[in-house]
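Inspection log for the structure reproduced underneath, given as structure tokens.
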Amino acid sequence: MPAELRAPVHLVVGEESLLVERALEGILASELKEATPESVQTLRGDEVGWAGVLDAARTRSLFAPRRAVVVRGADALAVDEGEGPAPKARKRGKAAAGLREQLERYLDDPNPDVVLVLLAPKADRRLSTWKLLAARGREHLCGRPKGRELRDFVAPGLPRDAPALEAA
């Protein structure tokens with residue numbers, strides 16, 4: 001297994017869905033030898049809070065030796081389940097500090113049988129949780145390709161000095 005992919009948390013950030021899905025497939029193929037339905041648990045960020053995600057990541061599987069917890073729409077995760085998107089500032093500060101402590105504890109001693117994969121179209125890098133996750137996890141950027149990246153994306157085998165295709 002490549003050492004550069006081995007991490008307790010993978011952040012897949014970007015709006016290009018094809019690249020996001022390819023990154024997810026690569027992570028699952030590298031981290032899990034075989035991705036079976038019982039080895040991948042998928043959660044939605046707008047339906048679960050960070051507490052639920054961390055509980056799922058701490059849980060061991062009875063059916064698979066290694067498993068993945070994939071959170072789609074992780075940018076919509078609330079600090080606590082049942083908490084609305086805009087709590088009062090004082091509560092939000094205390095809850096965010098508690099969440100950071102929980103994340104640090106998990107990242108200090110992650111479940112070795114679980115890989116946590118967070119998919120988000122955009123990550124708010126001002127938030128301490130995203131800063132911590134980016135520093136301690138593996139980040140995969142899946143933005144829209146531009147310029148030469150776009151050319152390589154569309155025609156991967158085309159030599160770089162080949163003439164540009166023109167419309168007829």
Side-chain angles (χ1 to χ4, degrees), residues 1-83 85 95-146 149 152-153 156:
M1 179 175 308
E4 68 272 3
L5 287 182
R6 188 67 118 148
V9 178
H10 290 269
L11 304 172
V12 182
V13 180
E15 296 177 346
E16 186 58 50
S17 61
L18 178 63
L19 294 178
V20 168
E21 293 303 319
R22 283 183 182 173
L24 176 60
E25 287 175 11
I27 293 165
L28 294 178
S30 295
E31 296 282 353
L32 310 176
K33 294 209 178 358
E34 293 181 24
T36 61
E38 41 293 322
S39 65
V40 180
Q41 180 180 2
T42 302
L43 304 172
R44 295 203 35 87
D46 57 353
E47 296 174 356
V48 66
W50 279 105
V53 170
L54 291 175
D55 285 345
R58 288 184 188 111
T59 304
R60 298 198 186 262
S61 174
L62 297 174
F63 305 106
R66 188 148 166 80
R67 67 186 193 90
V69 175
V70 177
V71 182
R72 293 186 177 275
D75 54 331
L77 281 167
V79 175
D80 286 322
E81 294 178 42
E83 179 180 89
L99 169 63
R100 184 173 173 85
E101 288 177 19
Q102 289 180 20
L103 278 173
E104 284 178 348
R105 269 185 289 202
Y106 179 77
L107 293 171
D108 287 341
D109 187 25
N111 183 345
D113 299 333
V114 174
V115 60
L116 179 59
V117 184
L118 303 171
L119 309 176
K122 292 183 181 179
D124 189 349
R125 299 185 192 287
R126 297 172 297 169
L127 298 176
S128 63
T129 54
W130 286 102
K131 287 179 187 177
L132 176 64
L133 290 167
R136 303 277 298 272
R138 171 92 166 100
E139 197 167 15
H140 308 266
L141 300 178
C142 299
R144 291 194 164 88
K146 298 175 185 168
E149 285 181 352
D152 293 341
F153 179 71

### Verdict with reasoning, His140 to His10, per side-chain contact (heavy atoms from CB on, under 4.5 Å)
CA-CA 7 Å; His140 308 266; His10 290 269; 2.9 Å; yes
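- Nearest heavy atoms, Leu19 versus Pro145: CD1-CD, 4.2 Å.
- Residue pairs satisfying the salt bridge (Lys or Arg N to Asp or Glu O under 4.0 Å) criterion with at least one member in residues 17-29, sequence neighbours excluded, are listed as follows: Glu21-Arg72.
- Atom CZ of residue Arg44 and atom CG of residue Leu119 lie 10.5 Å apart, to the nearest 0.5 angstrom.
- Remark: Glu139 engages Arg125 in a salt bridge (Lys or Arg N to Asp or Glu O under 4.0 Å) (not counting sequence neighbours).
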### Message
Apply side-chain contact (heavy atoms from CB on, under 4.5 Å) to residues Val71 and Leu116 and explain how you reach the verdict.
### Response
CA-CA 8 Å; Val71 182; Leu116 179 59; 4.3 Å; yes
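- Rounding to the nearest 0.5 Å places CG of Leu118 at 7.0 Å from CG of Leu77.
- Considering every non-hydrogen atom in both Pro121 and Val13, the closest pair reads O-CG1, 4.0 Å.
- With rounding to the nearest 0.5 angstrom, the CG atom of Asp75 is 11.5 Å from the CG atom of Leu11.
- Between Trp50 and Leu133, the shortest heavy-atom distance links the atoms CH2-CD1, 3.4 Å.
- Side-chain contact between Ser128 and Leu99 is absent, with no heavy atoms from C-beta onward closer than 4.5 Å.
- Residues Glu31 and Val117 fail the side-chain proximity criterion, which asks for heavy atoms closer than 4.5 Å.
- Looking only at side-chain heavy atoms (C-beta outward), Val12 and Leu24 stay at 4.5 Å or farther from each other.
- If you take CZ on Arg100 and NZ on Lys131, they are separated by 8.5 Å, rounding to the nearest 0.5 Å.
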### Task
Apply side-chain contact (heavy atoms from CB on, under 4.5 Å) to Val114 and Gln41, showing your working.
CA-CA 10 Å; Val114 174; Gln41 180 180 2; over 6 Å; no
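- Formation of a donor-acceptor pair under 3.5 Å by the Arg144 side chain with backbone atoms of Gly14 is not found in this model.
- Note on residues 108-123: pairs passing salt bridge (Lys or Arg N to Asp or Glu O under 4.0 Å), not counting sequence neighbours, are Glu15-Lys122, Arg60-Asp113, Asp108-Arg136.
- Between the CG atom of Leu107 and the CG atom of Leu54 there is a distance of 8.5 Å, given to the nearest 0.5 Å.
- Looking at every heavy atom in both residues, Trp130 comes nearest to Ala74 through CZ2-O, 3.7 Å.
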